[in-house]
Amino acid sequence: MVTRNQLGLAIDVPFVTTTCRSYRPPSWPPPRDWACVEDAEGNVVSLWGDPIWRLYPWARKPLCLNFGDGPSLPNTTGIDSDNAHLLRLMVTWRVWGPRGVKSVSSLKNNFFTPVRAIVALCSSEGILASDLMRFPAVRAKIPEVIAASSFERLVAELQRVLDAREELGFIILDRSGLTQLVAAKQEQDPEQTEYIPPRIWTYQVERLRECLSDYAAHREKVEECFQFCVQAYAKNYGTLRAALTSKSSSARGPFQNRGGRAGVKSGCEFHGAFFHTAAKFGIVDLLRRWVGEPVEGNRRKGISLFSAYLSLVQHAGLAYVLNFSLMRYEEGRGLRADCLSHEEDEVLGKIPILCGATTKTDPDSDARWPTTPSIEVAIGAVTSVSRLRMRCAEENPFANPSAEDITNPYLFHRSFEPWVARKALKPYSIMPSSMSYRDFIADFPRLFEPASLVITEEDLRIARSVTATLNSEMFQVGKIWPLAWHQLRRTGAVNMQASGIVSDSTVQFLMKHLTRAQSLYYGRGSSKLSYNDEVRTLLVNAQYEVMGRELADIFSDRFVSPHGDDYKKKMVLDSVGLQDVSILSQEDAKHFEAAARKGTIFYRTTPLGGCMSNGQCDGDCIESIADCAGGDGGPFCKHVLFDRERAKQNANRLEHITLLITSTPLGAPRLRALEQEKRGLENYFAFINKG
């Protein structure tokens, strides 16, 4: 028998306390009129017996669980009432039972979606899910309705249902049924997230930064214009609150042409078309450049264009953050105004850190992401926009932000201005719906030039070298690269682990702070910073993937050993325990990756190319290459490999060092080190240019 003390909400919802109705069911099973979901004010959002549970107060975004016994909805499979009741019981136990689920996303993705698919299958076959073990023909159809990627998690969740059979009063599958389900799992080819080719990655980063820098340059004018517009609406409606809550009135809109004595009786003031106000504050060219022409007399391209520009800045800021942090999209959207801090490192100096909450199964409310100093332009721009919009949100009773929200707003939120559509005014605690990167690009067509995103043969070659499972129909020469948020994570991880792929000097400039910090952190353990476990896993796996791919290229002309080609072959073959190079080809990246993971082969990227030493080096290979390339007058390192594809970066490095030498006083200790570095680079070029 289930007692009330066994039950309690495990999901961390700040406003749900032990005294709230929704904290635990009043009985087991719960009555259909139990208020299982409440908002922050204690209002009932969903009753236990409702066909749809609306969980937006918990998720802070639109999220529903549809049990299928309500009105028929598009793209949703109906479920009969008896099976829907079983599904409710299982979900209730998973949410309020012992060791309940910790996050709403985990509930929806790992439990509700796959378990509902099985219950819906039973409903369509005319049986109860609790009788599934009696119908092997129906059980055989489960692999048809469950994604192969969900099998392992589903089996674990169905085991929970089996363990709670006394409390629930039924099971879905017993142990033999679970064993059969595991055996029936359909194998699938693993699909990797696409790696964005360097040229396209560079272009989108440059345009995002240009947009954010442009805002920073006009920030004061934008803020003054916004405050003027808000005050104009407050004047014509009486108060800002009235402007935000009253029905929109064409007679009170301040940005229109009304001649004569218009406004004398009402006390309204009219400033003409918004074009004139934008011109007054010097932002017409800014709006024209990024969102369109604020045409005089055209209301559709009037002040609404101003809000569109502010939204563009926020989305561009989010995209920039994702490019340089390895955050997930939802994690980035959860950042607040105080998210950026700095930590002092004895080697790297001040390192910028983004602080926020992860969206993993076991949430961490204070996760950290080391990033690049260039992130400050993004955080500064979106912080400005979020504080402007908070001025309106805090005056709107529908938005009703908390005291914390007002002092420390979310960086990426919706519009709250008095001139936006009323349907956009939702509680501040509810985040706006997610937007894909492609939808963002479509909504703001002036941000990227489509021709610059068209895939070239070189783009495709690089993308395929990193992502073997690239979809050949979606990714073709001549098509536009379909950018996606999740691509930014993997691309960032790969670039950080192997910046040699990214030969463009602009990319090197954009990534130099980030790459150096990460390489030092993972290669030398010199930083005290830490990542959440998922980001660490992402980086470590990218490191081995890159290592395998570069090792597969070692036998090509790309890599040169100063000790000769025969020595190079022997050094690598000895590392992997092979005798003959003929059995290897550039398709053997997986072979080398596996060897690297086992620790039977050692390789790390350096400015010159690679190092295959598994022990301590006299030099560090990163800060200085003098020891590696004989710049100190000694012999070449026996483990060094020179990479011809790094010629452009090293030419820039040599030019920079030559300039430093000319400006360094004679006799200075620094001069000798610079001269050794120069000789090392000259030796590098002498060898890669042979033959």
Side-chain angles (χ1 to χ4, degrees), residues 199-230 232 255 271-324 374-389 411-415 417 419-420 435-454 480-481 483 488 506-507 509-510:
R199 182 190 63 81
I200 295 176
W201 184 90
T202 304
Y203 173 74
Q204 55 96 32
V205 166
E206 286 180 327
R207 283 295 290 171
L208 292 171
R209 184 175 178 86
E210 187 178 346
C211 174
L212 296 165
S213 297
D214 215 359
Y215 181 89
H218 295 83
R219 175 173 174 171
E220 187 173 331
K221 295 178 181 178
V222 171
E223 291 176 344
E224 290 175 353
C225 183
F226 185 91
Q227 303 293 4
F228 176 84
C229 294
V230 169
F255 299 105
H271 305 280
F274 175 72
F275 174 88
H276 299 298
T277 297
K280 173 184 174 182
F281 286 95
I283 62 171
V284 169
D285 289 339
L286 182 70
L287 298 178
R288 180 184 295 127
R289 183 159 50 250
W290 295 106
V291 289
E293 185 76 36
V295 180
E296 183 176 359
N298 188 337
R299 290 187 63 194
R300 294 187 64 188
K301 290 190 176 181
I303 195 167
S304 62
L305 205 65
F306 191 24
S307 284
Y309 172 68
L310 296 178
S311 295
L312 165 65
V313 171
Q314 286 187 306
H315 282 92
L318 175 57
Y320 198 83
V321 165
L322 297 183
N323 268 287
F324 288 105
S374 67
I375 208 79
E376 294 177 7
V377 68
I379 300 301
V382 294
T383 298
S384 168
V385 175
S386 67
R387 293 199 182 280
L388 289 177
R389 288 181 157 167
L411 292 181
F412 310 106
H413 219 301
R414 63 174 56 85
S415 306
E417 296 87 76
W419 51 86
V420 299
M435 174 185 285
S436 70
Y437 202 168
R438 276 183 283 180
D439 286 344
F440 164 47
I441 295 171
D443 284 356
F444 300 100
R446 295 185 178 231
L447 179 60
F448 298 143
E449 173 59 46
S452 297
L453 300 177
V454 171
I480 291 179
W481 183 278
L483 289 166
L488 303 180
T506 303
V507 180
F509 172 76
L510 289 169

**Asked** Any chance the side chains of Tyr437 and Gln204 put a donor and an acceptor closer than 3.5 Å?
**Response** yes
**Prompt:** Just checking, any donor-acceptor pair under 3.5 angstrom between side chains of Ser304 and Trp419?
**Reply:** no
Of the non-hydrogen atoms in [X] and [Y], which two are nearest, and what is the gap between them?
X	Y	value
Gly317	Val382	CA-CG1, 3.8 Å
Glu417	Ser307	OE1-OG, 2.5 Å
Gly282	Lys221	O-CD, 4.0 Å
Leu287	Ala278	CD1-CB, 4.3 Å
Ala316	Leu212	O-CD1, 4.0 Å
Ser452	Ile200	O-CG1, 4.3 Å

Hey, are the side chains of [X] and [Y] touching, using non-hydrogen atoms and a 4.5 Å cut-off?
X	Y	result
Leu318	Phe440	no
Phe281	Phe228	yes
Val222	Val385	no
Ile303	Thr277	no
Phe255	Cys229	yes
Arg446	Val291	no
Leu305	Phe274	no
Ile441	Leu447	no

Measure the [atom1]-[atom2] distance between [X] and [Y] for me, rounded to the nearest 0.5 Å.
X	Y	atom1	atom2	value
Leu488	Trp201	CG	CH2	9.0 Å
Asp214	Arg209	CG	CZ	12.5 Å
Ser384	Leu411	OG	CG	11.0 Å

**Message:** Tell me every residue that passes salt bridge (Lys or Arg N to Asp or Glu O under 4.0 Å) with Arg219, counting only those two or more places apart in sequence or in another chain.
**Reply:** Glu223
**Item:** Qualifying residues under salt bridge (Lys or Arg N to Asp or Glu O under 4.0 Å), relative to Glu210, sequence neighbours excluded
**Value:** Arg207
**Message:** As a quick check of understanding, evaluate side-chain contact (heavy atoms from CB on, under 4.5 Å) for Ile379 and Val321, giving each step before the final call.
**Reply:** CA-CA 8 Å; Ile379 300 301; Val321 165; 4.0 Å; yes
**Message:** Quick one, Ser415 with Leu310, criterion side-chain contact (heavy atoms from CB on, under 4.5 Å). Give me CA distance, side-chain angles, the key distance, then yes/no.
**Reply:** CA-CA 9 Å; Ser415 306; Leu310 296 178; over 6 Å; no
**Request:** State which residue, out of Arg389, His413, Arg414, fulfils the side chain to side chain donor-acceptor pair (under 3.5 Å) condition with Gln314.
**Result:** Arg389
**Prompt:** Is Glu224 atom CD crowded by more than 12 heavy atoms from other residues, nucleotides or ligands, each under 6.0 Å away?
**Reply:** yes
**Request:** Report the residues that fulfil ring-ring contact (aromatic ring centres under 6.0 Å, His included) with Tyr309, sequence neighbours left out, ordered by chain and then residue number.
**Result:** none
**Message:** With ring-ring contact (aromatic ring centres under 6.0 Å, His included) as the criterion, how do Phe306 and Trp290 come out once you've worked through the C-alpha distance, each side chain's angles and the decisive distance to 0.1 Å?
**Reply:** CA-CA 10 Å; Phe306 191 24; Trp290 295 106; over 10 Å; no
**Item:** Expected output: side-chain His315 to main-chain Ser311 donor-acceptor under 3.5 Å
**Value:** yes
**Prompt:** Do the side chain of Arg288 and the main chain of Ile283 share a donor and acceptor less than 3.5 angstrom apart?
**Reply:** no
